[in-house]
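Since this is a predicted model, take the numbers as computed values, not measurements. Computed over heavy atoms, backbone and side chain alike; hydrogens, waters and symmetry mates excluded. A, B, ... follow the sequence lines: proteins, then strands. Residue 1 opens every chain.
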Amino acid sequence: MNCLEFRKRLVTDPNNRDPSFQLHAQECPACAAQLRAQTGFEQALRAAVAVPVPENFNARILLRQSTTAVRQPTRWLALAAGMMLAVGLATGTWWIARPMPLEQLVFDHIDHEPQSLIIREDLRLALVNESLHNLGASVKPAIGRVDYLGICKIRKEKGGHLVIDGAKGPVTILLIPGEYVANRVSVRNERFHGVILPAHAGSLAIVGEHGENLDILEQRIRETVTF
Amino acid sequence: MDQRQSQFQALVEAYSADLYRFAYWLVRDRALAEDLVQESFMRAWKAIDSLRDPKAAKGWLITILRRERARHYERAPPPSDSLDEMDLERIAGIDDGHGHAGNFALRRALADLSEDYCEPLLLQVLGGYSCEEIGELLGASPGAIMTRLSRARQKLRHALEGGKVEAARENMS
């Protein structure tokens with residue numbers, strides 16, 4: 001390798017391990033000096049490129065993946081959905097499909113994530129707030145222990161799914177972006193009861209077991225959750 | 001934990017930081033970089049069975065990330081302005097042992113590099129790829145990649161030398 005080839009290589013691939021490159025540096029003092037200068041520059045470049053990675057980044061990726069993994073429809077469900085659509089199209093009844101009412105959306109979402117009512121993670125508040133940051137949401141420490149957090153697709157947009165401790169059991173809080181209610185709405189099914197509240201970015205649902213005192217919960221959540 | 005889950009977790013632990021840095025310098029926006037990497041890993045998870053050779057994982061993830069970024073810019077074209085000043089101040093202030101001024105100048109210059117120069121340089125510095133491999137990833141000839149890498153380094157060196165001169169002037173005044 002001659003000096004010209006060496007210097008060309010130095011600025012295009014300075015970290016190469018080509019023996020002829022190393023040999024030339026040993027034999028040519030001028031090129032060796034160039035190599036030392038370039039090595040210092042490469043160290044500075046690596047340091048400059050290495051911007052800090054967000055805190056708990058891996059945990060958030062894995063958290064989101066675990067939620068996605070649970071919510072992915074199985075193949076037979078997708079097949080069944082396809083068949084229902086085909087039947088609907090064939091019988092001309094497809095047009096009666098309407099968006100699911102918000103109340104049903106809330107209960108269905110909880111039903112589709114049964115693990116959310118079982119998992120007891122006691123998540124760090126900083127991690128919760130980092131995950132909620134992109135939704136424009138945050139929670140204060142007075143919310144108490146957060147046992148579950150999911151960033152889930154609710155209807156069309158990503159929303160927040162938290163579970164906190166209630167007096168009668170786990171209490172679900174859904175932050176639903178882009179779905180607006182004019183007033184406070186009470187909701188109920190055979191297992192749960194709750195409220196859907198108007199929020200700045202959409203609506204906020206609070207759902208607990210029958211017997212859970214919703215007034216106390218609502219006050220606590222209004223004081224501690226920003227959305 | 002099943003095998004797919006273990007494999008995915010290993011990929012996240014091994015490559016998330018470099019992917020984030022790669023995304024950050026391409027989009028120059030921390031929140032967007034984080035979103036792009038998260039979306040890329042979700043796509044990787046869905047397609048993880050198609051990854052046959054673990055040695056190809058990094059290139060596979062980079063390709064997914066580049067596609068994800070292209071998809072994002074199809075929906076929302078990139079802003080014309082460069083790196084946010086506040087953001088740059090924040091990241092430039094981190095001590096890396098090479099002096100604040102030099103670091104700032106280099107990061108400023110990186111942020112100002114056009115994508116043609118920045119992307120191959122990032123692939124080399126973060127990914128450790130050769131010119132041939134970068135050419136394959138970017139769909140360019142090795143010769144073209146060598147030219148871009150050489151010019152990118154030239155621009156950055158000028159900026160770094162400029163930064164040191166500025167620092168010396170500040171120290172003297």
Side-chain angles (χ1 to χ4, degrees), chain A residues 4-18 21 34-35 37-73 75 78 130-136 150-153 157-158, chain B residues 4-5 8-9 12-13 16-22 24-25 30-31 33-35 37-42 44-46 87 90-92 94-99 102-110 121-122 124-126 128 130-131 142 145-154 156-157 160:
Chain A
L4 189 66
E5 288 166 341
F6 179 88
R7 291 186 188 195
K8 187 177 167 189
R9 197 77 188 272
L10 191 61
V11 290
T12 55
D13 192 6
N15 300 312
N16 79 83
R17 300 197 180 278
D18 184 346
F21 183 82
Q34 291 272 333
L35 176 60
Q38 190 67 34
T39 303
F41 171 77
E42 294 299 320
Q43 282 173 356
L45 179 57
R46 277 195 294 277
V49 166
V51 291
V53 177
E55 200 183 340
N56 298 315
F57 190 40
N58 288 356
R60 272 181 281 153
I61 294 169
L62 294 170
L63 180 70
R64 188 165 159 202
Q65 175 264 332
S66 64
T67 312
T68 308
V70 170
R71 290 177 61 77
Q72 269 186 343
R75 189 167 293 176
E130 273 177 32
S131 302
L132 293 177
H133 178 73
N134 286 345
L135 302 176
I151 304 298
C152 326
K153 195 169 180 184
E157 293 186 50
K158 281 181 198 166
Chain B
R4 290 175 81 240
Q5 181 68 38
F8 180 76
Q9 193 163 332
V12 171
E13 283 164 7
S16 68
D18 280 348
L19 281 179
Y20 171 79
R21 288 167 178 146
F22 180 66
Y24 175 80
W25 285 110
R30 283 181 298 140
E34 187 174 339
D35 277 353
V37 176
Q38 289 220 14
E39 287 298 332
S40 301
F41 271 114
M42 290 311 104
W45 165 247
K46 287 172 190 165
D87 207 18
R90 193 185 69 78
I91 58 171
I94 293 163
D95 182 20
D96 63 353
H98 293 276
N103 198 1
F104 185 90
L106 203 45
R107 283 184 168 159
R108 168 89 276 170
L110 261 173
L121 188 67
L122 291 171
Q124 193 174 65
V125 173
L126 287 169
S130 68
C131 295
I145 296 300
M146 286 165 80
T147 304
R148 291 189 212 171
L149 286 168
S150 163
R151 288 188 183 156
R153 283 194 165 84
Q154 196 176 23
L156 295 179
R157 285 202 76 140
L160 187 60

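With a 4.5 angstrom heavy-atom cutoff, B:Leu121 touches chain A only via side-chain atoms. Only the side chain of B:Leu110 comes within contact range of chain A, with heavy atoms under 4.5 Å apart. Interface residue A:Ala37: backbone and side-chain heavy atoms are both found under 4.5 Å from chain B. Heavy-atom distances place the side chain of A:Asn134, and not its backbone, under 4.5 Å from chain B. The part of A:Glu42 that comes within reach of chain B is its side chain, from C-beta onward, which places non-hydrogen atoms under 4.5 angstrom from that chain.
Contact of the A:Phe57 side chain with the B:Gln38 side chain is registered, since non-hydrogen atoms from C-beta on lie closer than 4.5 Å. In this structure, A:Pro14 and B:Arg153 have side chains that are in contact, with non-hydrogen atoms separated by less than 4.5 Å. In this structure, A:Val11 and B:Gln154 have side chains that are not in contact, with every pair of non-hydrogen atoms separated by 4.5 Å or more. Under the 4.5 Å side-chain criterion, counting only non-hydrogen atoms from C-beta, A:Arg9 is not in contact with B:Met146.
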Inset, instruction - Output, in order, the C-alpha distance, side-chain angles, deciding distance and verdict of side-chain contact (heavy atoms from CB on, under 4.5 Å) for A:Val51 and B:Trp25. - result: CA-CA 9 Å; A:Val51 291; B:Trp25 285 110; 3.6 Å; yes
Inset, instruction - Step by step, work out the side-chain contact (heavy atoms from CB on, under 4.5 Å) result for B:Leu126 and A:Arg46. - result: CA-CA 8 Å; B:Leu126 287 169; A:Arg46 277 195 294 277; over 6 Å; no
Legend entry - Intermediate values then yes/no, side-chain contact (heavy atoms from CB on, under 4.5 Å), B:Leu149 and A:Asp13: CA-CA 8 Å; B:Leu149 286 168; A:Asp13 192 6; over 6 Å; no
Inset, instruction - Starting from the C-alpha separation in whole Å, work towards a yes-or-no answer on side-chain contact (heavy atoms from CB on, under 4.5 Å) for B:Tyr24 and A:Val53. - result: CA-CA 10 Å; B:Tyr24 175 80; A:Val53 177; over 6 Å; no
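Note that B:Arg157 lies in the cation-pi zone of A:Phe41, set by a 6.0 Å cut-off to the ring centre and a 45° limit from the axis.
Residues A:Pro54 and B:Glu34 approach most closely at CG-OE1, 3.6 Å, considering heavy atoms. Closest of all the heavy-atom pairs between B:Gln9 and A:Leu62 is CG-CD1, 3.8 Å. Across all their heavy atoms, A:Thr12 and B:Cys131 have their closest contact at O-SG, 3.9 Å.
Listed for the A:Gln65 side chain is no donor-acceptor partner under 3.5 Å among the backbone atoms of B:Phe8.
With rounding to the nearest 0.5 angstrom, the CZ atom of B:Phe41 is 7.5 Å from the CG atom of A:Asn58. The distance from atom OG of B:Ser130 to atom CG of A:Asn15, rounded to the nearest 0.5 Å, is 12.5 Å.
Comment: A:Glu130 does not engage B:Arg30 in a salt bridge, judged by the lack of any side-chain N to carboxylate O separation of less than 4.0 angstrom.
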